[in-house]
Amino acid sequence: MLKDKPVIRISDASAAQLSQLESWLNDEYTISTDETKDARLSISYATEYSSGIGMPFIRFESVNTGDLRSIVSSYQLPEQHITPSIIKVIVGLLLHSDTKELDNKNYRMAFDRAHDLILLADCEHNILRANASAVSKLGYSEAELKEMNLADLFYTGAAGEDFISHICEQGRVVHWEYQLKTKEGRPVDVMISADMMNEEDKIFLCIAQDISVHKEAHRQRKQEEHLVIMGKMAQMIAHEVRNPLNNILLALSQLKARPKPEEEEEKTFLDIIDRNCMRINALVTEMLDPVRVLDIELSPVSLITVVREALYLNEDRISLRQIAVTRDMEQDVPLMMDKEKMVICISNILVNAIEAIDGPGGKIEISTRRSGDRIYLSIRDNGKGMTENEKNNIFNPYFTTKPRGTGMGMAATLQIVRAHDGAIDVVSEKGKGAEIILSLPLSQEQ
C-alpha cells in the first residue's frame, strides 16, 4: 500500500526532472517535495563548477529517523550517468542495507539491467557486488570477481592503486578515464565515476561507462584526419615544388641551348635557378619547423636585408601576378635575429599576401616604425581579407583556406616570431585586405 512505501524527498528539481523521477520510482517509493514530511532519502539537484565549467550532479542522502540532518550515507553522481536502473540501484543501496532486501527480485533486476558496469567495493580492495554488465564485459563470474583484488581489474596495477587511493582518501572520483582488463587480458576503455557511500565501512560505488567504441571511433577519426593531412601535404609538395623545379629546368635548358650565352643572360638564368632552389629549401624547412623545437642562432641582422631576401624568394610570384610592392622602412637598425628563419617567417607572410590578391591592381606595402624598445614591421595587402574565424585560426597548424595548402606556413611564422621574443598581430576584414604586424625587440645596446 502507498503508506508502506519509503518516502523520498526531492529538492531543487525542475518540473521535468521531478516528473522523470516519479515515473521511475513511484512503483516502490513515495515521491514528495514537502519539506515537513518525514523522508528516508533525499534527492537533490546541483551544479558544481571546476575551471569555470559546470557539471550537473544528483545527490542522494539517506537518514535513519526522517531528520535530514542525520545523514547515514550519501552518494553523488554526474547527471549524465542517470538512467532508471542506476537510480533504482543507488536508492536501493542507500535504503536497504539488509542483504535479503538487496537480493530481492526488483532490486536485482534494476542492478543487472543497468547498461553501465557497476561495482560495489571497499577500501580493503574487496569487490562486494558486480552487475550483469560488469560480468559480461569483463568475462568473470560475479563469484570470481568477489574473490579478486579490485586493483587487479585495472589494466595496470599502478592505475588501480591510484584509483583506490583517490576514492578512499578524497571520497569521490568524477569522470576519470581508465582501462580495465578482461579475463582474457584485453583492455576495456571506461569512464569511471565513484562516490563513497558508507564512510564508516569505507564502501564505495563505481559506475563505469564502456567507452571502447567511442575511443575506437576517435582513433579511426584521428587516423583519417592524419591521412587527409598527409594527402594535402603531398598535394602541396607536388604543387609547390613542381613550379620552382619547372623554372630551374627551363633555365637549365636555355643555358644548354646556347653554347655561349651573353653574360647578362647567363646571370638571369643562374638567378632563376638560385632563387627557386632557395624556395624549395624554404618549403622543406617550413614543413619541419612546426613539429620541432626551434633552435635559433642570433646575430646582428639588418631587417631591410631580411625583407629584401624574402622579396627575392617570391619575385617570380610577384611578377606573375603583377603586384606592386612598396617599401617605407625607417633607419636600418640591426636586430638580434636568426637570419635564415626570419627570412622564412617574412616570406610566409608575403606568400599569404600574394595569394590573397586576385586580379589586377594588387598592392603590398611594407613599412617599419620604432616605438620604445621595439621595431614594428607591417606587411599590408589589398587582397580579399579574412573573416573573424580565419583571423582566429590563422596560426593554428593545418588550418588553411587554400585548396592546396597545409596550414603550416603561418604556424611556423608564429613559432619563429615567438622564438625571437616577438609578437604578431593580424588586422583584417573580409573584402578589405589584411595587415600583419610583427613586433621585434631591439637589442639592449640600442
Side-chain angles (χ1 to χ4, degrees), residues 1-50 53-63 66-68 71-97 101-102 104-120 129 131-134 137 172-176 190-198 204-211 213-214:
M1 295 178 62
L2 186 63
K3 65 179 180 181
D4 297 323
K5 294 180 180 180
V7 176
I8 299 176
R9 184 183 300 163
I10 311 295
S11 60
D12 301 317
S14 66
Q17 290 167 332
L18 179 61
S19 175
Q20 191 176 61
L21 288 177
E22 287 176 336
S23 68
W24 290 347
L25 297 172
N26 257 348
D27 289 345
E28 298 173 57
Y29 305 98
T30 298
I31 303 298
S32 172
T33 56
D34 186 354
E35 294 186 5
T36 63
K37 191 177 182 70
D38 285 349
R40 290 278 309 283
L41 180 75
S42 167
I43 299 179
S44 56
Y45 287 77
T47 300
E48 288 189 0
Y49 288 88
S50 176
I53 300 174
M55 179 175 285
F57 278 93
I58 298 183
R59 183 163 182 80
F60 305 80
E61 296 173 324
S62 67
V63 298
D67 181 357
L68 291 179
I71 298 171
V72 173
S73 55
S74 65
Y75 190 82
Q76 185 159 300
L77 185 70
E79 193 174 346
Q80 67 186 78
H81 269 300
I82 294 302
T83 65
S85 296
I86 295 292
I87 286 278
K88 290 178 181 178
V89 168
I90 296 172
V91 170
L93 285 170
L94 290 173
L95 290 183
H96 307 300
S97 58
E101 287 192 69
L102 285 177
N104 71 38
K105 182 180 178 181
N106 288 341
Y107 172 78
R108 192 74 209 188
M109 188 181 297
F111 192 67
D112 284 336
R113 279 185 175 176
H115 180 72
D116 293 336
L117 289 72
I118 303 178
L119 298 171
L120 191 65
R129 288 180 178 275
N131 73 337
S133 286
K137 297 280 187 186
R172 182 179 301 163
V173 167
V174 179
H175 268 41
W176 282 18
V190 295
M191 188 74 76
I192 294 180
S193 289
D195 215 325
M196 191 67 65
M197 300 196 77
N198 188 316
F204 53 89
L205 181 68
C206 308
I207 298 176
Q209 290 179 318
D210 182 357
I211 59 172
V213 174
H214 170 75

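A quick note: this is a predicted structure, and the numbers were derived from the prediction, not measured.
Side chains of Leu25 and Ile43 form a contact here, defined as non-hydrogen atoms less than 4.5 Å apart. Side-chain contact check for Val7 versus Arg40: every heavy-atom pair is 4.5 Å or farther apart.
If you take OG on Ser42 and CG on Asp12, they are separated by 8.5 Å, rounding to the nearest 0.5 Å. In this structure, the separation between CD1 on Ile31 and OG on Ser23 is 9.5 Å, given to the nearest 0.5 Å. Here the CZ-SG distance, from Arg129 to Cys206, works out to 14.5 Å after rounding to the nearest 0.5 Å.
The heavy-atom pair separating Arg9 from Asp34 by the smallest distance is NE-O, 3.3 Å. Val91 and Leu41 get closest at one heavy-atom pair: CG2-CD2, 3.7 Å. What you find for Phe204 and Met196 is that their closest heavy atoms are CB-CA, 3.9 Å. The nearest pair of heavy atoms linking Ala134 to Leu117 is CA-CG, 3.8 Å. Listed here is the closest heavy atom pair of Leu205 and Ile90: CD2-CG1, 3.8 Å. The minimum heavy-atom distance between Asp116 and Ser133, with the atom names listed, is O-CB, 3.5 Å.
Checking Glu22, Gln20, Glu28 one by one against Trp24, the side chain to side chain contact (heavy atoms under 4.5 Å, CB included) holds for a single residue, Gln20.
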Could you walk me through whether Tyr45 and Leu21 pass the side chain to side chain contact (heavy atoms under 4.5 Å, CB included) check?
CA-CA 12 Å; Tyr45 287 77; Leu21 288 177; 3.3 Å; yes

